[in-house]
> 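Before anything else, here's the structure in question.
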Amino acid sequence: MNIGIVCYPTFGGSGVVATELGKALAAKGHKVHFITYQQPVRLDIFSENIFYHEVKVSDYPLFDYQPYELVLTSKLVDVVKFEKLDLLHVHYAIPHASAAYMAQHILKSEGINIPFVTTLHGTDITLVGKDSSFAPVITFAINESNAVTAVSESLKQDTLEHFNIKRDIEVIPNFICLDHYNSNGSISELKQSLAPNNESLLVHVSNFRKVKRTEDVIKIFDLVRKQIPAKLLMVGDGPERHHLEELCRELDTCHLVKFLGKVKDTERILAASDLFILPSESESFGLAALEAMAAKTPVISTNTGGIPEVNKNGISGYLSNVGDVNSMAQNALKILSDDATLEKFKKGAYQQAKKFDINNILPLYEKLYERIIS
Ligand code: GMT
């Protein structure tokens, strides 16, 4: 198939999923065209089946706000026509699904049929979507898509609850490529350099936005390190960073917490860590937790949104209520209490991650594509 993928090219989970999906489709022989305003961060390989089309929004003094959705629409029309695409797969409802809808209708007027699949990722529904000014566009774009998928059952239910949806939404969960997580000898060296005195190594990865409750990560770590020797790695960056550094100073943990910034390949860091912390306020899926589990790292998380579909309580980690830092710290200590328990949870995390291997998920997308093309 000849497939166009539209996504946000940044470090966010939706862009990561879209890019990894495109790479896997290309590896299976499909032609994949990424149509984005920047090269997606994970689009870091050469493949003769992958093409990148940049959406260029030029500055024009008349506009205070450049009309990105229209530029994207024009680009979609252009790429579909000249690359003879079979379908578009857009990740994130706004503005990607509405741009695809408009492109579809422009092309229809020229006798070209192009179906499009919309994948809902979470913040498009739970955060942005709840801003009522977007509701009419999101509702319309979802109802008019040729197929709609959600990354978890929880997100599907949220969508049905908050919007007037008159169609089917299929749940196709996010995935990881387990092959990328085969640890090698250098992991123990990395662990040794990060925790030279055999401290327990805790890790958090996100874009440090309020919804991630990164302050809770530091508080949980503070409770843990008061009981056992421990270190914390903070991977990513975002608006909360400065505040978190201040909190570390207040708690006198600066010497134990390392802010690593935006790391592209987190696999080795996750594999070298003992425990992943995800205390989010809301999370449609929690791809970062799944990535940790694929690296055999158990997860301490909240029980919000789609996280319980990924992290299994008592098996791959533990779940607590949002904001309950004491419970999350206690659960962390339970897992880290001895080597045998940690080993048991590492195995549990990996077994659970296996269910989400790309080889199980990719055929679901291929089937869906075939269905809408025919
Ligand atoms: O949560 C983020 O920081 C980014 C956001 C995005 O749109 O990229 O992530 C959402 O999509 C991911 C991929 O499907 C999910 O794993 C995340 O749970 C979801 N984030 C939220 O729901 C807050």
Side-chain angles (χ1 to χ4, degrees), residues 13 16-17 20-21 23-24 27 122 149-156 171-188 190-191 200-206 220 224 233 235 265-280 283-320 327-328 330-365:
V16 169
V17 167
E20 295 295 348
L21 175 63
K23 282 155 74 174
T149 74
V151 299
S152 65
E153 186 56 42
S154 154
L155 180 60
K156 174 179 171 174
V171 175
I172 301 187
N174 285 332
F175 55 83
I176 27 82
C177 309
L178 270 188
D179 285 352
H180 296 176
Y181 290 84
N182 287 332
S183 59
N184 52 45
S186 59
I187 296 300
S188 56
L190 180 62
K191 170 101 204 247
S200 292
L201 198 53
L202 283 69
V203 65
H204 170 79
V205 182
S206 78
I220 294 163
V224 170
L233 302 175
V235 181
D265 310 312
T266 50
E267 290 96 340
R268 292 181 70 247
I269 291 169
L270 291 170
S273 303
D274 298 305
L275 203 60
F276 186 87
I277 306 182
L278 189 69
S280 304
E283 201 75 66
S284 69
F285 184 88
L287 183 66
L290 178 60
E291 293 189 327
M293 286 156 54
K296 303 192 176 78
T297 302
V299 173
I300 291 300
S301 69
T302 46
N303 53 13
T304 185
I307 300 181
E309 295 171 47
V310 182
N311 184 22
K312 293 292 168 195
N313 199 46
I315 295 168
S316 53
Y318 284 110
L319 301 161
S320 302
S327 156
M328 286 184 262
Q330 283 315 311
N331 288 336
L333 287 165
K334 260 194 246 171
I335 293 180
L336 298 170
S337 61
D338 59 74
D339 287 350
T341 310
L342 178 58
E343 203 45 44
K344 187 185 94 185
F345 275 93
K346 276 177 168 293
K347 281 202 181 113
Y350 188 65
Q351 288 307 322
Q352 174 65 5
K354 272 183 174 172
K355 297 180 190 162
F356 298 90
D357 183 37
I358 180 85
N359 293 319
N360 299 328
I361 309 299
L362 192 64
L364 304 178
Y365 278 117

> Residues two or more places apart in sequence or in another chain: which of them pass ring-ring contact (aromatic ring centres under 6.0 Å, His included) with Y350?
none
> Return the minimal non-hydrogen interatomic distance between N360 and K355, and the atom names on each side.
ND2-O, 3.4 Å
> Looking only at atom types and distance, does a side-chain atom of N174 sit under 3.5 Å from a main-chain N or O of V151, one as donor and one as acceptor?
no
> Can you list the residues that meet the side-chain contact (heavy atoms from CB on, under 4.5 Å) rule with A332, with sequence neighbours excluded?
V224, L275, I300
> Can you tell me how far the CG atom of N313 sits from the CD1 atom of I307, to the nearest 0.5 Å?
12.0 Å
> Indicate the atoms forming the closest heavy-atom contact of I335 with G317, along with that distance.
CD1-CA, 4.0 Å
> For a 4.5 angstrom cut-off between non-hydrogen side-chain atoms, does T149 reach Y365?
yes
> Just so I know, are the side chains of S206 and L278 near enough to count as touching, which here means a heavy-atom distance under 4.5 Å?
no
> Considering all heavy atoms of both residues, which atom of S320 and which atom of N331 are nearest to each other, and what is their separation?
OG-ND2, 3.2 Å
> I want to check something: taking the side chain as every heavy atom from C-beta on, are I361 and P173 in contact at a cut-off of under 4.5 Å?
yes
> Spell out, as yes or no, whether a donor-acceptor pair under 3.5 Å connects the side chain of E283 to the backbone of G306.
no
> Would you say D338's side chain and T341's backbone share a donor-acceptor pair under 3.5 angstrom?
yes
> Sub-3.5 Å donor-acceptor pair from the side chain of S316 to the main-chain atoms of N311, do we have one?
no
> Under the side-chain contact (heavy atoms from CB on, under 4.5 Å) rule, collect the residues that match up with D339, sequence neighbours excluded.
none
> Okay, side chain of K296, backbone of K346: is any donor-acceptor separation there less than 3.5 Å?
no
> Can you see which heavy atom on S280 is nearest to which on T304, and at what distance?
O-CG2, 3.5 Å
> Can you list everything that forms a side-chain contact (heavy atoms from CB on, under 4.5 Å) with I315? Sequence neighbours excluded, please.
K312
> Side chain of D274, backbone of S200: donor and acceptor closer than 3.5 Å?
no
> I'd like to check the ring-ring contact (aromatic ring centres under 6.0 Å, His included) partners of F285; sequence neighbours left out, ordered by chain and number.
F356
> Check E20 with K23, please: is the shortest side-chain N to carboxylate O separation under 4.0 Å?
yes
> Under the side-chain contact (heavy atoms from CB on, under 4.5 Å) criterion, do N359 and F175 qualify, and how do the steps go?
CA-CA 9 Å; N359 293 319; F175 55 83; over 6 Å; no
> Testing the basics here: between L190 and A272, what is the closest heavy-atom pair and its distance to 0.1 Å?
CD2-CB, 3.9 Å
> Rounded to the nearest 0.5 Å, what's the gap from CE on M293 to CD on Q351? Could you check?
10.5 Å
> Using every non-hydrogen atom in the two residues, find where K334 and Y318 come nearest and quote the distance to one decimal.
CD-OH, 3.8 Å
> How long is the span from the OG1 atom in T302 to the CD1 atom in I277, to the nearest 0.5 Å?
11.5 Å
> V299 versus L319: any side-chain heavy-atom pair under 4.5 Å?
no
> From Q330 CD over to I220 CD1, what is the distance, rounded to the nearest 0.5 angstrom?
11.5 Å
> List in chain and number order the residues that pass side-chain contact (heavy atoms from CB on, under 4.5 Å) with E309, two or more places apart in sequence or in another chain; answer none if no residue qualifies.
S152, E153, S154
> In the structure I gave you, are the side-chain heavy atoms of P279 and H204 within less than 4.5 Å of one another anywhere?
yes
> Pick out which of L202, L290, L270 makes a side chain to side chain contact (heavy atoms under 4.5 Å, CB included) with F276.
L270
